[in-house]
Amino acid sequence: MKHFEANFDGLVGPTHNYAGLSFGNVASLSNAALVSNPKAAAKQGLQKAKALADMGMVQGMLAPQERPDLYTLRRIGFSGSDANVLKQAAKEAPMLLNACCSASSMWTANAATVSPSADTRDGKLHFTPANLVDKLHRSIEPLTTGRILTATFSDPHYFHHHSHLPEHNSFGDEGAANHTRLCNEYGHAGVELFVYGQEATNPNTPKPQKYPARQTLEASMAVARLHQLEEDNCVFIQQNPDVIDQGVFHNDVIAVGNQNVLFYHEQAFLNTQHKIDEIKRKLDTELYFIEVPTAKVAINDAVKSYLFNTQIITLPSGEMAIIAPTDCQENPAVFAYLNELLTLNTPIKQVLYFDVKQSMQNGGGPACLRLRVAMNEMEVAAVNQHTLMNDALFSRLNLWVDKHYRDRLTTQDLADPQLIIESRTALDELTQIMKLGSVYQFQR
Ligand SMILES: NCCC[C@H](NC(=O)CCC(=O)O)C(=O)O
């Protein structure tokens, strides 16, 4: 049977904006109040997804969430007509309004943690939506995320969906952004690397001083238990708290893996050598550990360019390619490193650059925009086929974006009640295009 690693990219929602909501995420804070272009953002994402499909990769799309989230605004006491809820919130608590309008579900690396059937005891593919409790605007995603994932991976014979973890800091869970899987072939049992920022229930362990550690060891272990993984298939690694304090808010800003390759910065982890030894002990295959030294790429350059928020993909030819943001070309040290990497005799043979600047300006690179799902051909056949990228879906979604999206949005515009109508009209049509059923609250 054939095995693939599919990527499911987040379709950027109609309210994409820059609100400075993510403390600890340098781009989000420094680009706060910039004017966004939701139409361009959605199209940049679609271009990248289509390019991967054209390379012969299995590529899907995950629908965005309903924003403005009027239900949360009502839950915290704003009332009256929908227009009045927005107006009141804009006047009394603009940051809460912003939090309820973010298109942050576009970063599907944070949608869930996924364990392929080759790793799990019941032989099913497991999904746990991330609770994202560290950030208010993201903590309102998991319920709808679960519905969208279930509508996309709908066949219970193959797919096992869990609820998100308890909504408490002890279980801070950021999904696949803090999870990587190493393996020989995608269909063989692999080793799942769970990278956490702190151990919440043990105050004597290292943690960052300045910025939050969003992922806890407790959450990572809970997901491993839920997904029925064997201890021999898991490695728990602590992220270096010093780099979290320099803006590395998720592990996928400093490390990325694919099959037998782990590409990471020298300063990414604590106890690096010890953990590499554990991986080697648990995974009996030829492994490539590509460690990037600080002398070649400083943390600051890695954070600005998103060198590690790249996708490493295995092309149908068997060679690996890196999907990088154009920001990596623009950073001299990073560009030089990527060119050198191609001469290093690793499986990575090409680097392809994509303009995803609308997302980058909020701290989301190519890897943040996708959820990886390693699947066999029967599982691919069991996916909702209307979510899979091809020529028809690409042109349909581009037309849909042209019809419904604005090309300019400021945080002031978020109080405009017209945005509710635009957004709901667009999403209602999208659920028909992607045959998702009534995943949104306004449809229920
Ligand atoms: N994996 C990348 C996630 C980026 C995301 N940014 C944001 O939510 C920024 C939103 C804003 O500031 O408007 C985050 O930090 O979780």
Side-chain angles (χ1 to χ4, degrees), residues 7-10 12-38 41 44-45 48 62 64-65 67-69 94-113 129-142 145 172-180 195 197 208 211-215 239 244 247-256 302-311 325 327 356-372 409-414:
N7 286 286
F8 282 79
D9 280 40
V12 178
T15 62
H16 161 64
N17 73 91
Y18 301 113
L21 298 172
S22 280
F23 178 63
N25 167 343
V26 180
S28 155
L29 267 280
S30 57
N31 292 314
L34 216 70
V35 178
S36 70
N37 184 337
Q44 286 173 355
K48 169 173 93 77
L62 291 173
Q65 306 225 345
R67 297 288 181 270
D69 179 349
M95 283 312 277
L96 297 182
L97 174 64
N98 294 350
C100 292
C101 291
S102 177
S104 53
S105 67
M106 66 202 260
W107 299 295
T108 51
N110 307 117
T113 307
N131 62 19
L132 301 169
V133 285
D134 188 64
K135 298 283 177 268
L136 174 63
H137 69 291
R138 305 223 58 183
S139 69
I140 56 182
E141 295 176 26
T145 300
D173 181 17
E174 298 283 317
N178 282 58
H179 175 259
T180 301
V195 186
Y211 292 145
R214 298 198 200 181
Q215 178 84 31
Q239 219 189 315
I244 296 180
V248 182
F249 58 98
H250 285 141
N251 175 62
D252 69 0
V253 177
I254 198 86
V256 54
V303 171
K304 271 202 207 134
S305 68
Y306 267 31
L307 167 63
F308 298 96
N309 203 265
T310 45
Q311 296 174 239
D327 308 64
V356 287
K357 281 204 190 293
Q358 284 287 322
S359 168
M360 284 288 287
Q361 287 171 169
N362 249 340
C368 290
L369 285 163
R370 63 91 165 91
L371 183 66
R372 294 194 276 184
L409 201 64
T410 66
T411 47
Q412 283 72 42
D413 297 328
L414 301 176

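Both ligands and their constituent atoms are indexed starting at 1 by order of listing.
For a heavy-atom separation below 4.0 Å, the residues in contact with ligand 1 are N17, Y18, A19, G20, L21, S22, N25, S28, S104, W107, N110, H137, R138, R214, F249, H250, N362, G363, C368.
The CG atom of N251 sits 11.0 Å away from atom NE2 of H179, with the distance rounded to the nearest 0.5 Å. Summarising the geometry, atom OG1 belonging to T113 is positioned 10.0 Å from atom CD belonging to E174; distances are rounded to the nearest 0.5 Å. To the nearest 0.5 Å, the span separating CG on D327 from NZ on K304 amounts to 11.5 Å.
In this structure, a donor-acceptor pair under 3.5 Å is present between the side chains of Q65 and T145.
With sequence neighbours left out, Y306 forms a ring pair (Phe, Tyr, Trp, His ring centres under 6.0 Å) with no residue at all.
Results of the side chain to side chain contact (heavy atoms under 4.5 Å, CB included) test with C101 over L414, D413, T411 single out L414 as the only residue that passes.
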